[in-house]
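These notes concern the structure reproduced below.
Note on naming: letters A, B, ... go to the chains in the order of the sequence lines (proteins, then strands), and numbering restarts at 1 for each one.
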2 protein chains.
Amino acid sequence: MSMRSLGRELGVEAMALYRYVSGREDLLEAVVARLLDGLAERVEAAGTTSWQEYLQYLAHEIRDVALRHPSAFPLVVSRHPATPWLRPPLRDIDTVEHLLATLTGYGFDEERAVDTYKAFTSFLVGYLLLEVSMRTENVSAVEEPMNEGSAQIPEQDTATDVQGAPHVLRMRERLSQDRGAEEFEIGLEMLLNRIERAVSV
Amino acid sequence: MSMRSLGRELGVEAMALYRYVSGREDLLEAVVARLLDGLAERVEAAGTTSWQEYLQYLAHEIRDVALRHPSAFPLVVSRHPATPWLRPPLRDIDTVEHLLATLTGYGFDEERAVDTYKAFTSFLVGYLLLEVSMRTENVSAVEEPMNEGSAQIPEQDTATDVQGAPHVLRMRERLSQDRGAEEFEIGLEMLLNRIERAVSV
DNA sequence: TCGGCGAGCATACGGCGTAAACAAGGACTG
DNA sequence: CAGTCCTTGTTTACGCCGTATGCTCGCCGA
């Protein structure tokens with residue numbers, strides 16, 4: 001994304017964009033805001049009836065965003081939030097306020113609520129960032145080696161690098177399987193279980 | 001980082017760098033490789049005696065890298081690894097081979113080993129990326145609002161945005177507390193526990 | 001002494017973000 | 001209707017960026 005290329009795509013000169021945004025940074029910030037727009041409201045309106053259900057709903061909502069915009073999601077994660085004590089991808093005060101209010105409403109004390117917020121955001125970042133990066137990387141890249149003169153390519157670069165790594169070789173298929181959804185569900189379930197144990201202490 | 005600024009820092013013109021690296025991308029790739037250099041060997045030499053201890057050692061080793069180079073670590077995470085079925089931050093075949101071999105050696109079947117690899121990498125990305133981003137963001141940024149004419153700034157931007165968010169306001173102190181180390185240890189412990197349960201089934 | 005060669009330099013090209021001045025039209029006001 | 005502004009977009013320019021190309025030197029072996 002560049003101002004000039006975006007302008008070209010809109011049939012307009014780059015400088016015309018500056019009538020509407022105050023600069024590139026502002027534009028990217030607006031993209032992030034758009035992606036997360038209405039999140040707090042949707043979560044509010046979902047009418048969940050337990051903190052587990054609440055966090056599940058919120059997690060799936062964020063995952064939807066990530067999968068709908070896999071190439072924009074890293075922006076949500078890497079951009080510094082409004083204040084240093086918020087963390088991506090739950091980076092606006094409304095959403096965090098709602099989360100903390102909800103957890104408190106279900107009996108969490110302050111420490112548990114904040115710990116849950118932190119663990120929850122870390123979980124989302126870890127799973128979703130890797131998931132969208134897997135979904136994005138083959139779209140661009142490749143660099144087109146052109147295959148000019150060299151005769152047979154053994155098996156892409158795979159077979160060459162993987163010599164002397166029998167376990168990797170054996171599990172290669174399994175490693176490249178996309179089980180993003182199940183991994184996410186299982187990881188989320190485990191996270192909720194461990195929060196549950198921490199709360200009941 | 002730009003080629004020109006790096007050259008300036010080395011007392012040399014930018015183009016001189018091209019005698020040693022083939023371009024900016026190569027240079028960044030080399031930085032990542034350097035950060036993770038010898039990881040597999042160190043893990044091998046550690047002589048751990050259980051898979052739990054092994055993963056703990058590996059996790060701490062990676063965390064050390066992240067904390068030693070907080071502004072370079074996002075590079076490790078965001079750069080596409082050599083092959084699509086590897087995931088940051090465990091992105092070289094040697095390390096992954098050693099991990100899978102070790103887990104297999106402790107009785108993991110293929111599915112458990114691969115699931116563990118995926119969960120482990122997600123955990124590392126989630127925790128460490130947010131931790132280094134917290135440690136980095138106040139170094140630059142700030143934009144220097146200069147405080148030109150306006151008289152009293154109430155309490156930085158904090159108090160203004162946080163109106164109507166009583167929970168956030170109340171837990172602000174706790175939210176900004178840096179408990180990175182404890183969070184990491186607890187999260188890691190929990191991850192190991194849940195892997196243990198999955199394995200013993 | 002001389003030729004080659006490796007390290008660094010100078011220049012140049014196209015692309016980037018964006019500041020500043022300008023132009024064209026459309027909408028209001030008299 | 002004329003005259004004014006206000007909105008929208010363009011043009012030009014500046015200083016960055018990565019990097020392709022070609023040059024200059026000083027050193028080192030023959």
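- A heavy atom lying under 4.0 Å from DNA chain C marks the following residues of residues 21-28 of chain A, by number: Gly23(A), Arg24(A).
- Side-chain atoms of Ser176(A) come within 3.5 Å of backbone N or O of Glu173(A) as a donor-acceptor pair.
- Ser5(B) and Ser2(B) share a donor-acceptor pair across their side chains, judged by distance under 3.5 Å alone.
- Atom CD in Glu29(A) sits roughly 17 Å away from atom P in dG17(C) (whole-Å rounding).
- Using a 4.0 Å cutoff on non-hydrogen atoms, the parts of residues 7-18 of chain B near DNA chain D are Met15(B), Tyr18(B), ordered by number.
- In this structure a side-chain-to-backbone donor-acceptor pair under 3.5 Å is missing from Glu53(A) to Thr48(A).
- Side-chain contact annotation: Glu29(A) with His80(A), donor-acceptor N/O pair under 3.5 Å absent.
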Q: Could you go through the salt bridge (Lys or Arg N to Asp or Glu O under 4.0 Å) check for Glu110(B) and Arg172(A) one step at a time?
A: CA-CA 10 Å; Glu110(B) 286 194 7; Arg172(A) 202 178 31 158; over 6 Å; no
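- Side-chain N/O atoms of Arg19(B) and base N/O atoms of dG6(C) include no donor-acceptor pair closer than 3.5 Å.
- Under the 4.5 Å side-chain criterion, counting only non-hydrogen atoms from C-beta, Leu99(B) is in contact with Leu55(B).
- Remark: P of dC16(D) and CG of Leu6(B) are 17 Å apart, rounded to the nearest angstrom.
- The distance between atom CZ of Arg4(B) and atom P of dA12(C), rounded to the nearest whole Å, is 13 Å.
- Between Phe123(A) and Tyr127(B), the ring center distance fails the sub-6.0 Å criterion.
- When atom types are taken as modelled, the side chain of Tyr57(A) and the backbone of Gly47(A) share no donor-acceptor pair closer than 3.5 angstrom.
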